[in-house]
Trainee: 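Take this structure first; my questions come after.
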Protein chains: 2
Amino acid sequence: MTETVIQKPDYETALREAGVRITRPRRVILGILTDAEDHPDAMEIFKRAVALDPSISLSTVYRTMKLLEGIGAIHRHAFEGGPSRFEPAIGEHHDHLIDIETGDVIEFHSERIEELQQEIARALGYDIVHHRLELYGRRRRKK
Amino acid sequence: MTETVIQKPDYETALREAGVRITRPRRVILGILTDAEDHPDAMEIFKRAVALDPSISLSTVYRTMKLLEGIGAIHRHAFEGGPSRFEPAIGEHHDHLIDIETGDVIEFHSERIEELQQEIARALGYDIVHHRLELYGRRRRKK
DNA sequence: CTCTAGTTGCAAACGATTTGCAATTGCATT
DNA sequence: AATGCAATTGCAAATCGTTTGCAACTAGAG
Ligand SMILES: [Mn+2]
Ligand SMILES: [Mn+2]
Ligand SMILES: [Zn+2]
Ligand SMILES: [Zn+2]
C-alpha cells in the first residue's frame, strides 16, 4: 500500500540531533510553524498555540523561536516597523516584497540579483554570510 | 577669486520651508549630521550633541530624527540587531554592506540590481516605493 | 517688545523581547 | 515502573530602544 508523503520539515529529529528535549509546548509550536503559510510574529504564534494548549506562555514562544533560529530551522525577518516574523527554513532561498498598504508579503527569487550581490561583495573584498532584500511597494493601479 | 564649495546639505532652509523653527538643539544636531561620515545611532548623535551643548536631551534627538526623516532630509537604517542609524539624504541612492565582524558599514550601488528590482516588482504588479538591500559579510581572508 | 504656538527637558509610558527563579517535566538510568 | 536530575517551563520583573504627557521655555511674527 502506497502513501502520499506530504513534504514537511522534520523538526523533531533536528531538535533531538541538536540535543534538546521535545516538550509539549515545543511540539505545539513546531506544528504551528510547520503548517503556517504566512510569516507570523511571536504574538501570532502564541495565539495559535494557546488555542491548542492554553498553558503555553509567550516566553516559551520567544525562547523556542530563538532556539530554532539558532539551529537554523527557521528564519527571522525584521520587516519595517513591526516585530520579528518567522518562517520555516525549508525550501529554497527567497526574498520578500511587502505591500505597504495591505501588509501582504510576497516571495520572490532572482538568481541574477543573488549573483550580482556576490560580485559586489567580492569586489569589495567580502564574502556574503547572509543578506536582506526587501521591496516595499504598492499595487499598480490597473490602468 | 574662486572659492571651493564644500557640498553640504542646507538643512535650515529645508526646515524653514517645512515650517518648523530653527532652535538651538536642532542647529546642533543638524551640524552633527552634516559632517557625520558614518551612520550614527540616536545615542551616538546624542553624545556628540552633548559635547557641544550639555543641555540637549535624548528625547530631542529622537524627535529631531523623526522630523528630519518625515521631511525626507535623512534616512533611517535598521541594520540587523542594533538600534536605528541615520545618515543625511544627500547624494545618490546606495545600499550597504555590513562587516559582521567589525560592524563597518560600506556603501555600494548597483544600477543593475536596482533595475532588476523594478522588473521583479512590476512583474508582480507592484510599484516599488522604497527598498532595503543589506549584505552581511566578512572580509575575505587574503589567500 | 509682546504674544503665542512650537519646542524643550524630564520622567514616565511604551512595545517587543529577555531574564531570574522556583516549580515542573523529559528522559536516561536503574 | 520507579528514580534522579538537568533541561524546560510559566510567571513576573527587567531590559532596550523609542515615544509621549506635561509644564517650562523660546523662536520669531507682528
Ligand atoms: Mn518567506
Ligand atoms: Mn549610507
Ligand atoms: Zn536573496
Ligand atoms: Zn538600492
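Just so we're clear, the structure is a prediction, and the values are computed from it rather than from any experiment. These values consider heavy atoms only, across backbone and side chains, with no hydrogens, waters or symmetry-generated copies.
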Trainee: Give the rounded distance in Å between these two atoms: CG of Asp41(B) and C1' of dG17(D).
Mentor: 10 Å
Trainee: Heavy-atom contacts under 4.0 Å between residues 46-66 of chain A and DNA chain D, which residues?
Mentor: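 Of all residues in residues 46-66 of chain A, the ones placing a heavy atom under 4.0 Å from DNA chain D are Ser55(A), Ile56(A), Ser57(A), Ser59(A), Thr60(A), Arg63(A).
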Trainee: Measure from CD on Glu69(A) to C1' on dT17(C) and round the result to the nearest Å.
Mentor: 12 Å
Trainee: Measure across Ala89(A) and Gly72(A) and return the closest heavy-atom pair with its distance rounded to 0.1 Å.
Mentor: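 Taking Ala89(A) first and Gly72(A) second, the nearest heavy atoms are CB-O, 3.4 Å.
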Trainee: Are Met65(B) and Leu52(B) connected, step by step, through hydrophobic side chains (Ile, Leu, Val, Met, Phe, Trp, Tyr) whose heavy atoms are closer than 4.5 Å?
Mentor: yes
Trainee: Can you give one letter per nucleotide of nucleotides 22-30 of chain C, going 5' to 3': B for a protein heavy atom under 4.0 Å from the base, S for sugar-phosphate only, - for none?
Mentor: ---BBS---
Trainee: Tell me the closest heavy-atom pair linking Ile56(A) and Val50(A), and the distance in Å.
Mentor: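 Closest approach of Ile56(A) to Val50(A), heavy atoms only: O-CG2, 4.0 Å.
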Trainee: Rounding to a whole Å, what distance do you find between Arg26(B):CZ and dT26(D):P?
Mentor: 14 Å
Trainee: Please verify the inter-ring angle class for His77(A) with Phe79(A); under 30° counts as parallel, over 60° as perpendicular, anything in between as tilted.
Mentor: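 The rings of His77(A) and Phe79(A) lie parallel, inter-plane angle below 30°.
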Trainee: Between His131(B) and His93(B), is there a side-chain donor-acceptor contact under 3.5 Å, judged purely by atom types and distance?
Mentor: yes
Trainee: Would the distance check show the side chain of Tyr126(A) and the main-chain N or O of Leu135(B) forming a donor-acceptor pair, the cut-off being under 3.5 Å?
Mentor: no
Trainee: Is there a path from Leu116(A) to Leu97(A) through hydrophobic residues (I, L, V, M, F, W, Y) whose side chains come within less than 4.5 Å of each other?
Mentor: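 Both belong to a single hydrophobic cluster.
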Trainee: Round to the nearest Å and state the distance from Leu67(B) atom CG to dT19(D) atom C1'.
Mentor: 15 Å
Trainee: Nearest whole angstrom, please: distance from the P of dT7(C) to the CG of Leu30(B).
Mentor: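 Atom-to-atom, Leu30(B) to dT7(C), this comes out as 13 Å.
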Trainee: For Pro88(A) and Leu33(A), which heavy atoms make the closest approach, and how far apart are they?
Mentor: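 Minimum heavy-atom contact is CG-O, 3.3 Å.
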